[in-house]
**Student:** 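First, the structure itself, so that you have it in front of you.
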Amino acid sequence: MRITVLSVGKIKEKYLRDGIAEYAKRLGRYCKLEMIEVADEKTPDRSSAVEELLIKKTEGEKLLRYIKDGDFVIALAIEGEMLDSVQLSKKIQELGVHGESSIVFVIGGSLGLSEDVMKRSDYKLSFSKMTFPHQLMRMVLLEQIYRSYRIMNGEPYHK
């Protein structure tokens, strides 16, 4: 299975880059992992709702360029479905059983995902009702995907 993490913005903090690299390395034995970053748009202080909508739209257009017709798209969104680790593992496994060979997880920028990206998504996943920095979310997502594969394979992993 090919898993792509498609996200807005660069990772600036070394500790996050190191953590992401570690989980990417661990995932190498379970799936083909691809990490794609698109440039974020600068959000001015005290931006209007219209400006923010335009920023999300522009970032969304950049994201959509990387999504292919056959991809199963999972958008990370507060309004998505909350799953525990076992349920996420089952979701990924079921997608594979039903012939989905390419899953794209999409992480928006600081303003979230555009309406166009949300419409293109096949599933909306929420990690919490809280808002997380999108850079940190990449590492958390990779850890959960890694945990999912460990669960699928009956391998031990701390709870």
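Just so you know, these numbers use all the heavy atoms, side chains as well, and skip hydrogens, waters and symmetry mates.
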**Student:** Give a yes or no on whether K124 atom NZ has more than 12 heavy-atom contacts from other residues, nucleotides or ligands under 6.0 Å away.
**Tutor:**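 Yes, the 6.0 Å shell around NZ holds more than 12 heavy atoms from other groups.
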**Student:** If you round to the nearest 0.5 Å, how far is CG of L113 from NZ of K56?
**Tutor:**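 The distance works out to 8.0 Å.
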**Student:** I'd like to check the side chain to side chain contact (heavy atoms under 4.5 Å, CB included) partners of R65; sequence neighbours left out, ordered by chain and number.
**Tutor:**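 Expected list: K62.
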**Student:** Can you name the ring-ring contact (aromatic ring centres under 6.0 Å, His included) partners of Y30, sequence neighbours left out?
**Tutor:**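 Residues passing ring-ring contact (aromatic ring centres under 6.0 Å, His included) with Y30: Y149.
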**Student:** Applying side chain to side chain contact (heavy atoms under 4.5 Å, CB included), name anything that partners D122, two or more places apart in sequence or on another chain.
**Tutor:**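 Side chain to side chain contact (heavy atoms under 4.5 Å, CB included) list for D122, sorted by chain: F72, V73, R120.
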**Student:** Could I get the full list of side chain to side chain contact (heavy atoms under 4.5 Å, CB included) partners for A24, not counting sequence neighbours?
**Tutor:**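 For A24, the residues satisfying side chain to side chain contact (heavy atoms under 4.5 Å, CB included) (neighbours in sequence not counted) are L33.
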**Student:** Taking all non-hydrogen atoms of both residues, which atom of M152 and which atom of S89 are closest, and how far apart?
**Tutor:**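 Looks like CG-OG, 3.3 Å.
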**Student:** Where do S85 and R147 come nearest, in terms of heavy atoms and distance?
**Tutor:**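 Shortest heavy-atom contact: OG-CD, 3.3 Å.
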**Student:** Kindly list each side-chain donor-acceptor pair under 3.5 angstrom involving residues 127-140, sequence neighbours excluded, with atom names and distances?
**Tutor:**
{"from": "S128", "atom 1": "OG", "to": "M130", "atom 2": "N", "distance (Å)": "2.9"}
{"from": "R138", "atom 1": "NE", "to": "S7", "atom 2": "OG", "distance (Å)": "3.0"}
{"from": "R138", "atom 1": "NH1", "to": "S7", "atom 2": "OG", "distance (Å)": "3.4"}
{"from": "R138", "atom 1": "NH1", "to": "E37", "atom 2": "OE2", "distance (Å)": "2.6"}
{"from": "R138", "atom 1": "NH2", "to": "V8", "atom 2": "O", "distance (Å)": "3.4"}
{"from": "R138", "atom 1": "NH2", "to": "G9", "atom 2": "O", "distance (Å)": "2.6"}

**Student:** Check L6, L63, L76 against I107 for a side-chain contact (heavy atoms from CB on, under 4.5 Å) and give me the one that passes.
**Tutor:**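 The option that passes is L76.
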**Student:** Just jot down the salt bridge (Lys or Arg N to Asp or Glu O under 4.0 Å) partners of K68, sequence neighbours excluded, or say none.
**Tutor:**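 For K68, no residue satisfies salt bridge (Lys or Arg N to Asp or Glu O under 4.0 Å) once neighbours in sequence are set aside.
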**Student:** Do you reckon L95 sits in the same ILVMFWY cluster as V5, going by side-chain contacts under 4.5 Å, direct or chained?
**Tutor:**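 Same cluster.
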**Student:** Given side chains that start at C-beta, do those of R150 and P156 come closer than 4.5 Å, heavy atoms only?
**Tutor:**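 Contact flag for R150/P156 side chains = yes.
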**Student:** Is L64 reachable from L111 through a run of hydrophobic residues whose side-chain heavy atoms are each under 4.5 Å from the next?
**Tutor:**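 Shared cluster, no.
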**Student:** Look at the side-chain heavy atoms of Ile, Leu, Val, Met, Phe, Trp and Tyr, link any pair under 4.5 Å apart, and say whether L142 and I92 land in one connected group.
**Tutor:**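 Shared cluster, yes.
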**Student:** Quick one: side-chain hydrogen bond (donor to acceptor under 3.5 Å, both in side chains) partners of S47, sequence neighbours excluded?
**Tutor:**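 Testing S47 for side-chain hydrogen bond (donor to acceptor under 3.5 Å, both in side chains), a comparison that skips the adjacent residues, returns E52.
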**Student:** How would you list all residue pairs meeting side-chain hydrogen bond (donor to acceptor under 3.5 Å, both in side chains) that involve residues 103-119, not counting sequence neighbours?
**Tutor:**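 Passing the test, one end in residues 103-119: no pairs.
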**Student:** Specify the closest pair of heavy atoms between A77 and M118, including all atoms of both residues, with the distance to one decimal.
**Tutor:**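 Reported closest heavy-atom pair: CB-CE, 3.6 Å.
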**Student:** Just jot down the side chain to side chain contact (heavy atoms under 4.5 Å, CB included) partners of R26, sequence neighbours excluded, or say none.
**Tutor:**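 Side chain to side chain contact (heavy atoms under 4.5 Å, CB included) check on R26 returns E22, Y23, Y146, Y157.
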**Student:** Could you state whether I103 and L27 fall into the same hydrophobic cluster, counting links through intermediate Ile, Leu, Val, Met, Phe, Trp or Tyr residues with side-chain heavy atoms under 4.5 angstrom apart?
**Tutor:**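 Cluster IDs for I103 and L27 match.
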**Student:** Side-chain heavy atoms under 4.5 angstrom apart, residues restricted to Ile, Leu, Val, Met, Phe, Trp, Tyr: same cluster for L83 and M1?
**Tutor:**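 Yes, one cluster joins them.
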**Student:** Suppose we screen for side-chain hydrogen bond (donor to acceptor under 3.5 Å, both in side chains). Which residues come up paired with Y66, at least two apart in sequence or across chains?
**Tutor:**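 Counting only residues at least two positions away or on another chain, Y66 forms no side-chain hydrogen bond (donor to acceptor under 3.5 Å, both in side chains).
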**Student:** Using 0.5 Å steps for rounding, measure from the CG atom of L88 to the CD1 atom of I74.
**Tutor:**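 If I round to the nearest 0.5 Å, the distance is 7.0 Å.
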**Student:** By side-chain hydrogen bond (donor to acceptor under 3.5 Å, both in side chains), which residues pair with K42, not counting sequence neighbours?
**Tutor:**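 Not a single residue meets the side-chain hydrogen bond (donor to acceptor under 3.5 Å, both in side chains) criterion with K42.
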**Student:** Please list all pairs passing the side-chain hydrogen bond (donor to acceptor under 3.5 Å, both in side chains) test where one or both residues lie in residues 90-107, with sequence neighbours left out.
**Tutor:**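 Every pair satisfying side-chain hydrogen bond (donor to acceptor under 3.5 Å, both in side chains) with a residue in residues 90-107: R2-S102, D71-S102.
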**Student:** State whether the side chain of E41 and the backbone N or O of E59 hold a donor-acceptor pair below 3.5 Å, judged by distance alone.
**Tutor:**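 Checking the backbone N and O of E59 against the side chain of E41, no donor-acceptor pair under 3.5 Å is found.
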**Student:** Is there a donor-acceptor pair closer than 3.5 Å between any side-chain N or O of S148 and the backbone N or O of Q144?
**Tutor:**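 Present.
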